[in-house]
Q: 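Below is the structure I would like to discuss, written out as structure tokens.
Keep in mind the model is a prediction, meaning the values are calculated, not measured. Just so you know, residue 1 is the first one in the sequence shown, and it goes up from there.
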Amino acid sequence: MEEDGIGPEQIRQRLSPLRNDSLLSLARYTDDEDEEELRRAKLNRRRKDDDRRRDGGADDEDEDEDEDEEEGEGNGNVQRSPHGKRQRLVEIRRDCPYLDTVNRQVLDFDFEKFCSVSLSNLNVYACLVCGKYYQGRGLNSHAYTHSLEAGHHVYINLQTEKVYCLPDGYEVNDPSLDDIRHVLNPRFSTDQVEHLDENRQWSRALDGSNYLPGMVGLNNIKETDFVNVTIQSLMRVTPLRNFFLIPQNYQNSKSPLVHRFGELTRKIWHARNFKGQVSPHEFLQAVMKASNKKFQIGVQSDPVEFMSWLLNTLHSKLKHSKKKNKSIVHDCFQGELEVVKEIHKKPLIEKKENGDEGSMESTADGDGIVRETSRVPFLMLGLDLPPPPLFKDAMEKNIIPQVPLFNILKKFDGETVTEVVRPCIARMRYRVTRLPKYLILHMRRFTKNNFFIEKNPTLVNFPVKNLELKDYIPLPTPKANDKLKSKYDLIANIVHDGKPGEGYYRVFVQRKSEELWYEMQDLHVTETLPQMVALSEAYMQIYEQHE
């Protein structure tokens, strides 16, 4: 160029008007300027860290900006706002010549948002051409490098949902990409949530499969069917589902488990998915971390234990200190029992107050029997099955015994005695003093001894509709203006098939809009008859109270 009479100084003068235009800024690629930009970004990062330590926190947008700068975001001008914050001005375009390369078939946002190269979860972008995740979009970033090596140019920020074209660095503002944003982060309005149970329409996924929103199959990643049946059951609990469909309800919670459960709920009920199934991968990672690996991928666990742990953990993360230990979990599932415990002891009179756990009173009679009466809250009721017969019948076949649900519910009539040996030998009597809106029943099928786990095959005969509890157990009389609500309908029935310690779980759930029953086992979702629900080895059930 110098031979033609044009030197570097002349080129700089010609480009100077373009540099002053903030929307059409030129990317600076010289090594000196890049190094200076990185040095200033690191200094700025240290200053932000110092401010954050003094203030006790920082807002997420500032963190994102700092991370972008640290990644070497060389595209666009960087200027200071009136508050002294660094801001990058990025050109925004409606037209992008590479939008036809976007491949929705390969996009999968069910997995953890980690860069496939650096394994970092900060400032991650998804390539909309191949579906892989990369960190950053600056000159030294993995996404920028991928755009040059593979020729893939369209990327979406998984946090801000903004779409960029690399290596040019401009932001793409095109309404045709909204369906991708909805799959990445499904949204529901309050009106949509209220009318969700009225929808009878099937949805069609991009892969050609038809699915019912809310009746989506869940991937069994490895021995995770106990999680899948629990999630599918809880999706039938309308107030719980509606609460988690609106992220504003739990935006103040810092628990990853709460937010992952909310994301999974929105994906299951989303009507515009790209696939006809959902993978609970992110939720399972949050479960493993929150439970200290008590529940983990690859290890079969008990859905009753998992349900109990999940409800108690969600409650502890969501409860309001102002509302005396209240949360959506307790609003749905919490009831109350009166427990009378009889122990042979020396005569003793003692009175205790246990706060949230209820009150306890101890009295002793002349026979040396101490009676402790306490009020205990519960989230589920455990029912004891009668022992199976030891001998075969005349045809040399094992007899499969049956028992009506009402017989085993007598445990809670306040008169039937239950013998317990732990923590000490005692006689217990239980009486329900408050019924929950959603009643969870657990049939104790598995017993452990010193050698192996034994499964009780007894079938429980139960009504699918109109379970009237007041006919079988005494209930407290309601207050003057209240009506006794003791009638329930079954909405979910978890079943165990196979040998104890092995086997697999499946669940029958009801679709409210049509009152049809579906059998769900991981990815398999098939319609079934209500009669088939009652012919299974029920393990855990959820009943919904009549209004």
Side-chain angles (χ1 to χ4, degrees), residues 196-197 200 202 211-220 224-238 240-241 264-265 268-269 276-278 280 300 302-304 306-307 310-311 332-333 380-383 385 400 402-406 408-409 438-446 455-467 487-498 503-546:
L196 207 55
D197 285 330
R200 299 188 177 190
W202 287 68
Y211 70 93
L212 282 164
M215 292 287 170
V216 182
L218 293 176
N219 254 336
N220 184 343
T224 56
D225 49 338
F226 72 97
V227 173
N228 292 350
V229 293
T230 305
I231 295 298
Q232 298 288 16
S233 302
L234 291 176
M235 291 299 105
R236 312 309 130 200
V237 180
T238 307
L240 187 77
R241 177 202 69 189
L264 185 57
T265 304
I268 288 174
W269 285 94
Q277 74 270 352
V278 174
Q300 182 69 275
D302 191 324
V304 172
F306 179 68
M307 175 78 85
L310 180 62
L311 293 181
C332 291
F333 300 108
M380 67 172 71
L381 293 177
L383 303 176
L385 297 175
I400 299 178
Q402 300 185 34
V403 61
L405 177 64
F406 313 113
I408 54 178
L409 271 174
Y438 290 85
L439 180 65
I440 304 178
L441 299 179
H442 156 221
M443 286 68 174
R444 294 197 166 114
R445 289 200 175 276
F446 301 105
K455 180 181 176 182
N456 190 326
T458 302
L459 290 178
V460 179
N461 299 323
F462 55 87
V464 173
K465 290 184 79 69
N466 299 322
L467 168 64
K487 194 174 280 190
Y488 286 82
D489 288 340
L490 186 70
I491 55 172
N493 183 38
I494 294 176
V495 174
H496 179 266
D497 297 311
Y504 53 89
Y505 294 97
R506 55 195 170 96
V507 62
F508 295 94
V509 298
Q510 188 191 38
R511 181 171 166 81
K512 278 191 179 178
S513 58
E514 302 159 310
E515 293 197 357
L516 295 176
W517 281 89
Y518 289 83
E519 181 185 340
M520 308 181 84
Q521 185 182 343
D522 299 329
L523 294 176
H524 302 287
V525 181
T526 52
E527 189 180 332
T528 189
L529 295 170
Q531 296 89 320
M532 298 301 295
V533 180
L535 290 176
S536 53
E537 291 183 9
Y539 186 46
M540 183 164 57
Q541 300 177 323
I542 302 180
Y543 282 89
E544 182 180 41
Q545 194 178 56
H546 282 207

Q: My understanding is that only one of Thr224, Ile268, Asn219 makes a side-chain contact (heavy atoms from CB on, under 4.5 Å) with Pro280; could you say which?
A: Asn219
Q: Using side-chain hydrogen bond (donor to acceptor under 3.5 Å, both in side chains) as the criterion, point out the one residue from His546, Gln545, Gln510 that pairs with Asp489.
A: His546
Q: Are the side chain of Arg445 and the backbone of Thr458 linked by a donor-acceptor contact shorter than 3.5 Å?
A: yes
Q: Looking only at non-hydrogen atoms, find the nearest pair between Ala538 and Phe462 and report the distance.
A: CB-CE2, 4.0 Å
Q: For a quick test of reading the model, state the closest non-hydrogen atom pair linking Val525 to Val216 and the distance between them.
A: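 Heavy-atom minimum between the residues: CG2-C, 4.4 Å.
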Q: Considering non-hydrogen atoms only, spot the tightest contact between Val464 and Pro530 and give its length.
A: CG2-O, 4.0 Å
Q: Does the side chain of Arg241 come within less than 4.5 Å of Leu196's, by heavy atoms?
A: yes
Q: Does any part of the side chain of Leu467, heavy atoms only, come nearer than 4.5 Å to the side chain of Phe406, both counted from C-beta?
A: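 In contact.
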Q: Hey, could you give me the OG1/CG distance between Thr238 and Asp197, rounded to the nearest 0.5 Å?
A: 5.0 Å
Q: Distance check, rounded to the nearest 0.5 Å: Leu234 atom CG versus Leu240 atom CG?
A: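 Between Leu234 CG and Leu240 CG, I get 6.0 Å after rounding to 0.5 Å.
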Q: Using 0.5 Å steps for rounding, measure from the CZ atom of Phe446 to the CG atom of Asp302.
A: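 Interatomic distance, Phe446 CZ to Asp302 CG, rounded to 0.5 Å: 7.0 Å.
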Q: So how far is it from Thr528 OG1 to Met520 CE, rounded to the nearest 0.5 Å?
A: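 With rounding to 0.5 Å, OG1 (Thr528) is 13.0 Å from CE (Met520).
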Q: Taking only residues two or more places apart in sequence or in another chain, which ones pass salt bridge (charged side-chain N to carboxylate O under 4.0 Å, His left out) with Glu514?
A: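 Testing Glu514 for salt bridge (charged side-chain N to carboxylate O under 4.0 Å, His left out), a comparison that skips the adjacent residues, returns Arg511.
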Q: Contact between Met307 and Met380 at the side-chain level, heavy atoms closer than 4.5 Å - yes or no?
A: yes
Q: Just so I know, are the side chains of Gln541 and Val460 near enough to count as touching, which here means a heavy-atom distance under 4.5 Å?
A: no
Q: Locate the shortest heavy-atom distance separating Leu218 from Gln232; write the atom from each residue and the value.
A: CG-NE2, 3.6 Å
Q: Do Leu212 and Tyr518 make a side-chain contact, defined as non-hydrogen atoms from C-beta onward lying under 4.5 Å apart?
A: yes
Q: Supply the atom-to-atom distance Glu537 CD to Leu385 CG, rounded to the nearest 0.5 angstrom.
A: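 Between Glu537 CD and Leu385 CG, I get 10.0 Å after rounding to 0.5 Å.
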Q: Less than 4.5 Å apart, side chain to side chain, heavy atoms only: is that true for His524 and Glu519?
A: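 In short, these two side chains do not touch, never coming nearer than 4.5 Å.
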Q: Can you measure from CG (Leu439) to CD1 (Ile491) and round to the nearest 0.5 angstrom?
A: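 CD1 of Ile491 is found 10.5 Å from CG of Leu439.
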Q: Under 3.5 Å, is there a donor-acceptor pair linking the side chains of Asp225 and Gln300?
A: yes
Q: Quick one: which of Arg236, Lys487, Lys512, Lys465 gives a salt bridge (Lys or Arg N to Asp or Glu O under 4.0 Å) with Glu544?
A: Lys512
Q: Is there a side-chain contact between Phe508 and Val495 (heavy atoms, below 4.5 Å)?
A: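 Yes, at least one pair of side-chain atoms sits under 4.5 Å.
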Q: Do the ring centers of Tyr539 and His442 come within less than 6.0 Å of each other?
A: yes
Q: Looking only at heavy atoms, which two atoms of Pro303 and Phe226 are closest? And how far apart?
A: CB-O, 3.9 Å
Q: Go through the steps to decide whether Phe333 and Val237 satisfy the test side-chain contact (heavy atoms from CB on, under 4.5 Å), and finish with yes or no.
A: CA-CA 10 Å; Phe333 300 108; Val237 180; 3.8 Å; yes
Q: Is Met215 close to Val509 at the side-chain level, that is, under 4.5 Å between some pair of heavy atoms?
A: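 Side-chain contact under 4.5 Å: yes.
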Q: Between Leu441 and Leu405, which heavy-atom pair has the shortest distance, and what is it?
A: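 Looking at all heavy atoms of both residues, the shortest contact is CD1-CD1, 4.2 Å.
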